Amino acid sequence: MNLRFWYLKLRPKRPFRISRETTYEKTTVLVGLEEDGLWGLGEAVPYPFYGDTLDAVVGFLKSAQNVLKNFSSFELHNVEKELHRLAGRNFSAKDGIMDAMFDILGKRIGQPVWRMLGIPRQPVPTSYTIGIGSLDEMVADLEEHPNFQVYKVKLGTDKDLEIVKELAKRTDRPLRIDANAAWTPKEALRKIQFFADLGKIELVEQPLPPDDIDGLKFLKERSSLPIFVDESVMTSKDVVRLADAVDGINIKLPKSGGLLEAFRMIHVARAHGLKIMIGCMLQSSLGIAAAAQIAPLVDYVDLDGSLLLEADPCVGLEVDENGFIHLSEKPGLGIECPSIEIKL
Ligand SMILES: [Mg+2]
């Protein structure tokens, strides 16, 4: 296979704010793999919080170019092993390559990836994410998107209680909370008790800093809402480490390094009795489509990253007006990126 890559410049419709940062624009990398004139596409989404920068992605893709020449698109597992040999981390670049491999393989055999994997074609409702803003801005965001089945609310402010109370009043749909590591254990417990009393909160994601496993255990024992981790868990090894400390995990392909490791995470999580969410970054619908292939296997779906963009450079992901993602019948991931001229 031949590898090429292109930059995708993305801008959210409104600055996307979470507890630790605000994103005004972002560059991801479109990874193209060519074999016998067929192209497979994937997206690498660098996220510096995990030590994964745009430069690191580009450096990794350049070193993968030579390695991939020796492999065919049927060698998913061998390629994954080779990529790990090349570098220990660089998960988002690996994800871009692995997504492109699944895409090209699906195109070779004329089947969508979900069918190739034996996954049912079942529409899944994604949550809609409300980033941090003033109370008025957050309420307006909710009211401008009234048809979603569930909302994810970003927290980590000095008005967390007020925000959730107000949003809960404005919708009859459930809310999920994501503090993006902003709280201390005692603060989290106090806030969670307040949220639980509102009766509309499904779960609380990443209340504490990623490495505070004792804090998570403290919370899990006392919290009346399920505790999920996102920043704490990258791959299946982390699932084992956290299994006693949480109720569920958020899998994201740019953290896991692609679909194969996401599968391992699902198996390990299920073996430990954990609930599973599949999530995403702020990214194009190409990377979202890769995650959507396995969404029918998990309990909670948070794949709205491309819906938050001013303009999505890719097409083919179907999200209906009620926030349900419908998997494509097209071979591979079913996505094209017409704004980029894909050629060798
Ligand atoms: Mg999260």
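First listed ligand is number 1; within each ligand, the first listed atom is number 1. Predicted model only: the values in this text are computed from it and were never measured.
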Note to self: Taking the six-membered ring of Phe194 as reference, does the cationic atom of Lys191 (NZ for Lys, CZ for Arg) lie under 6.0 Å from its centre and within 45° of its axis?
What the structure shows: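 That pair does not qualify as a cation-pi contact.
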Notebook entry, point to check: Do Asp99 and Leu41 have side-chain heavy atoms sitting under 4.5 Å apart?
Noted result: no
Next item on the list: State, to 0.1 Å, how close Ala269 and Ile249 come at their nearest heavy-atom pair, and which atoms those are.
Entry: CB-CD1, 3.9 Å
Note to self: Just checking: Asp230, one of its N/O/S atoms, less than 2.8 Å away from the Mg ion (ligand 1), yes or no?
What the structure shows: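 True for Asp230.
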Notebook entry, point to check: What distance separates Glu205 CD from Leu225 CG, expressed to the nearest 0.5 Å?
Noted result: 13.5 Å
Note to self: What is the name of the N/O/S atom of Asp178 that is nearest to the Mg ion (ligand 1)?
What the structure shows: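 Distance check against the Mg ion (ligand 1) picks out OD2 in Asp178.
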Margin query: Among the N, O or S atoms of Glu205, which one sits nearest to the Mg ion (ligand 1)?
Written below: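 So the atom name we want here is OE2.
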